[in-house]
2 protein chains.
Amino acid sequence: MTTELRTVLGDLVSVNNRLTRLAASVSGNAESPAIWRTIAVLRDLGPMRLGELARVSRVSQPTMTKLVHTLDERGWIRRIADAGDARAWLISADPSGGAALLAWRDEITAALEPTFADLTDDEIATLAASVEIVRTRLERARTAMQTGDVA
Amino acid sequence: MTTELRTVLGDLVSVNNRLTRLAASVSGNAESPAIWRTIAVLRDLGPMRLGELARVSRVSQPTMTKLVHTLDERGWIRRIADAGDARAWLISADPSGGAALLAWRDEITAALEPTFADLTDDEIATLAASVEIVRTRLERARTAMQTGDVA
DNA sequence: TAATTATACATAGCTTGGCTATGCAAATTC
DNA sequence: GAATTTGCATAGCCAAGCTATGTATAATTA
């Protein structure tokens, strides 16, 4: 029923909010979630223009300009001039950026692992299935957005 | 196996990161995730001292002082003097804060619903189960922390 | 009991992530 | 060729996060 779907969605966002803080705090807090999110998007979806990267990441274009600047300073992305449009850049994840992302994931998963160590195989499968469900909806929201939809 | 657990945990944090942005962007962005997270913690766990609220929320004490100040301005929490310790306050969710939280949840879930509308009952159950799994681990991390543990 | 140490919260000051408004140059359209 | 649209950058603001430090109360201990 719709009521239950809404409840679950609300709980999902709420719990995620706290999990994100937990992940940030168990890592050394060296880099922000926004940095890792941006690299992850680039790795998952491939090189794209700055504006599209902003839309996919659900941040404003100026915010993405800043993030890309920071990532560029770290050497974690490449800016490739877009042949055919002198205004545009293609933003691509540098291998070092991917490596940094993996290192961060290692760090937080190692820190979180004890707390989740007693999960059964079924529970792990449940989490994996949920990740897939949310991932497909994020992708859907992305493509819907491109066609002018709201959510 | 452990490898798969780590992969799932990393994916979970990554996907949540993007979902949090989606939720923030579909809402009017009127208030920050930190505000809602704090009220949610107070509602779930009941009144507590500012310092404990900071630890549970995984933010520093000065950050929580600021958040509580903002929440107080909105009238969404109450500061109750702790009888027996003149330094301490008990922070309690005001009914208006709970109402504001529910209104925000209504807003974001209404906005997200179309994207998730085609979920089967099984998929909804999977999401609900995941929420419960993560919630229990957050609670475990909280109590472990109080006994001096790291994660 | 008086002095010391520890605790609870507040303040100061910084960085980063987020936003809107605006500017500028290149593409596109008329 | 002029006007409009588009893509990114800049400016300037606020909130959330941090560390370092201050201040008052508790707790401890000499």
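Only this structure's heavy atoms are used, side chains among them; waters, hydrogens and symmetry mates stay out.
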Check: A:D122: what forms a salt bridge (Lys or Arg N to Asp or Glu O under 4.0 Å) with it, not counting sequence neighbours?
Finding: none

Next item on the list: Kindly write out the residues that satisfy ring pair (Phe, Tyr, Trp, His ring centres under 6.0 Å) with B:W104, not counting sequence neighbours, or none if the list is empty.
Entry: B:W36

Check: Considering heavy-atom distances to DNA chain C, does B:K66 or B:R87 have its closest nucleotide positioned more toward the 5' end?
Finding: B:R87

Next item on the list: Could you check whether B:P62 gets within reach of a base, just the sugar-phosphate, or nothing at all, counting any heavy atom under 4.0 Å?
Entry: base

Check: With respect to the phosphate group of C:dC19, does any side-chain polar atom (N or O) of A:T63 fall under 4.0 Å of OP1 or OP2?
Finding: yes

Item checked: Length of the line joining B:Q61:CD and C:dA8:P, which is rounded to integer Å -> 10 Å

Next item on the list: Using a 4.0 Å heavy-atom cut-off across all strands, classify A:I35 as base, sugar-phosphate, or nothing.
Entry: sugar-phosphate

Notebook entry, point to check: Within the structure shown, what part of the strands sits under 4.0 Å from A:S32 by heavy-atom distance: base, sugar-phosphate, or nothing?
Noted result: sugar-phosphate

Checklist line | Nearest-neighbour nucleotide for the B:R79 side chain, C:dC19, C:dG17, C:dC9 considered | finding: C:dC9

Check: Which whole-number value in Å describes the distance from A:H69 NE2 to C:dT15 C1'?
Finding: 14 Å

Margin query: Output the rounded distance in Å from CD (B:E73) to P (D:dA16).
Written below: 11 Å

Notebook entry, point to check: In whole angstrom, what separates B:M64's CE from C:dC9's P?
Noted result: 11 Å

Next item on the list: Measure from the side chain of B:T65, starting at C-beta and using heavy atoms only, and say which of C:dG18, C:dC9, D:dC8 lies closest.
Entry: C:dC9

Next item on the list: Using side-chain contact (heavy atoms from CB on, under 4.5 Å) as the criterion, point out the one residue from A:L19, A:L119, A:L112 that pairs with B:R137.
Entry: A:L119

Note to self: For B:T115, is there any backbone N or O sitting under 3.5 Å from a side-chain donor or acceptor partner on A:R140?
What the structure shows: yes

Note to self: Categorize A:D85 for me: base, sugar-phosphate, or nothing, with a 4.0 angstrom heavy-atom threshold over every strand shown.
What the structure shows: sugar-phosphate

Next item on the list: Return the value, rounded to whole Å, for the distance between atom CG of B:D82 and atom P of C:dT7.
Entry: 16 Å

Note to self: Can you measure B:W89 atom CH2 to C:dA8 atom C1' for me and round it to whole angstrom units?
What the structure shows: 12 Å

